[in-house]
**Student:** 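Handing you a structure now.
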Amino acid sequence: MQKKFLATVSIIALISAAPALAGTVKSDDSSSSAATMQTKETTGQSEGATEKVKEGWDKTKEAVKETAEDASDATKEAYRDFKAFVFSDNDSKLDIDEVKVDPRTTATGIIGEPVYNFKDERVGVVEDVILNQDGKAIMVIVGDGDFFGLGKLAAFDYDAMVKMNADGDLVMPLTEETIERAAEFSFDRKDMGENVRIMPENAYSVEKLLDAQLVNAKDEKMGEIDDITFKDGQASQLIVGFDKILGFGGEEVSLAYDNAKLIKVDEDEYKYTLAEKKSSLITNYKSATN
């Protein structure tokens, strides 16, 4: 996830002071003229410093504006374009649309990313997101370490915790002490204990879902789940890779998340199944375009 850094310009105004004169100062015409010249010189220096400050602020505002525009353009360029399969209400027709996906709203753009609090302090890393049966994000799993598998895991309610700032960083009202005091999280229900929060029943690890396959009504593999997009904490699209070999080649296509049914095969294996009409439409489309 990209952090945008706005450039700032430090302006230092130099103020010159006339040196102190020791002894008695005679008030004559020459000294008066010298004082007048010195006053004009000091005034000129002061005006020059003021002008430099003004120029500096103008440059600062221009730099901030240009950096913000560059960051905005970079964000737009970062969007990923996908071909989208759109089924009619009775699954009698398949349309092809184009969709743009902000990578910051995807599973791969969330899991593994650092978590910041409202003081811009880095407090942990997102290790996983937990979904319920309807595809709604119910928990976010945060680790206090910098690397997967290291440090403590703690679970927090997704809706109450996860926000995204203008830079695309995940922001949560957490501190390192909050994570330290929270109950330990475990994916294994056998670890249930007094100070352990476990994986809820009928809940799914998004990290595991990224290893799932898309199969047809005959349980034949059609593609692989490459990513999942989220909108307001709800899984909204499946990004499916078709015709890939060892994860390479082929094409990625977007499907509405509720087009497929999620099935748990065992503790660490899942699959998404398509109804016969939907899978047939996709098969026919791919045959016609290959």
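Keep in mind that this is a model prediction, so the values were computed, not measured. The analysis underlying the following values was restricted to heavy atoms, covering all of them including side chains, and did not include hydrogens, waters or symmetry mates.
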**Student:** Would a 4.5 Å heavy-atom cut-off, applied to side chains only, mark Ile239 and Thr106 as touching?
**Tutor:** no

**Student:** To the nearest 0.5 Å, what is the distance between CG on Leu131 and CG on Asn202?
**Tutor:** 13.0 Å

**Student:** Decide if atom NZ of Lys218 counts as having more than 12 heavy atoms of other residues, nucleotides or ligands within a radius under 6.0 Å.
**Tutor:** no

**Student:** Take atom NZ of Lys286 as the centre, draw a 6.0 Å sphere, and report whether it contains more than 12 heavy atoms from other residues, nucleotides or ligands.
**Tutor:** yes

**Student:** When clusters are formed by joining ILVMFWY residues with side-chain heavy atoms under 4.5 Å apart, either directly or through shared neighbours, do Phe82 and Val86 land in the same one?
**Tutor:** no

**Student:** Side-chain heavy atoms nearer than 4.5 Å, only ILVMFWY residues, links allowed to pass through others: does that put Ile198 and Ile130 together?
**Tutor:** no

**Student:** Is there a donor-acceptor pair closer than 3.5 Å between any side-chain N or O of Asp144 and the backbone N or O of Gly124?
**Tutor:** no

**Student:** Less than 4.5 Å apart, any side-chain heavy atom of Phe187 and any of Lys208?
**Tutor:** no

**Student:** With a 6.0 Å cut-off (strictly less than), is the heavy-atom count around CD of Glu276, excluding the residue itself, greater than 12?
**Tutor:** no

**Student:** Applying the 4.5 Å side-chain criterion to the ILVMFWY set and letting contacts propagate, would Ile138 and Val196 be lumped into a single cluster?
**Tutor:** no

**Student:** The criterion is ring pair (Phe, Tyr, Trp, His ring centres under 6.0 Å); which residues satisfy it with Tyr257, sequence neighbours excluded?
**Tutor:** Tyr272

**Student:** What distance separates Asp232 CG from Lys136 NZ, expressed to the nearest 0.5 Å?
**Tutor:** 8.5 Å

**Student:** Are side-chain N/O atoms of Thr175 and Thr178 paired as donor and acceptor at under 3.5 Å?
**Tutor:** yes

**Student:** Is there side-chain contact between Leu214 and Phe242, with at least one heavy-atom pair below 4.5 Å?
**Tutor:** yes

**Student:** For the CG atom of Leu94 and the CD1 atom of Ile96, what is their distance to the nearest 0.5 Å?
**Tutor:** 4.5 Å

**Student:** Answer yes or no: is there a side-chain heavy-atom contact under 4.5 Å between Val115 and Val125?
**Tutor:** no

**Student:** Do Leu255 and Phe87 have side chains that get closer than 4.5 Å, going by heavy atoms?
**Tutor:** yes

**Student:** Starting from Leu210, can I reach Phe230 by hopping between I/L/V/M/F/W/Y residues whose side chains sit under 4.5 Å apart?
**Tutor:** yes

**Student:** If you define the side chain from C-beta out and look only at heavy atoms, does anything of Phe185 sit under 4.5 Å from Lys152?
**Tutor:** no

**Student:** Does the side chain of Thr229 come under 3.5 Å of the side chain of Thr105 through a donor N or O and an acceptor N or O?
**Tutor:** no

**Student:** With Lys100 as the cation and Tyr79 as the aromatic partner, state whether NZ or CZ is under 6.0 Å from the six-membered ring centre and within 45° of the axis.
**Tutor:** no

**Student:** Which residues satisfy the side chain to side chain donor-acceptor pair (under 3.5 Å) test with Asp219, sequence neighbours excluded?
**Tutor:** Lys271

**Student:** Taking Tyr158 as the starting point, is it possible to reach Leu209 by hopping between hydrophobic residues whose side chains are less than 4.5 Å apart?
**Tutor:** yes

**Student:** With a 4.5 Å limit on heavy-atom distance, are the side chains of Ile225 and Val240 in contact?
**Tutor:** yes

**Student:** Before accepting this row, confirm whether a basic side-chain N of the pair Asp102/Arg104 lies closer than 4.0 Å to the acidic partner's carboxylate O.
**Tutor:** yes

**Student:** With a 4.5 Å cut-off on side-chain heavy atoms, are Val140 and Val126 touching?
**Tutor:** yes

**Student:** Hey, could you give me each pair passing salt bridge (Lys or Arg N to Asp or Glu O under 4.0 Å) that has a residue in residues 172-198? Not counting sequence neighbours.
**Tutor:** Asp157-Arg197, Arg189-Glu201

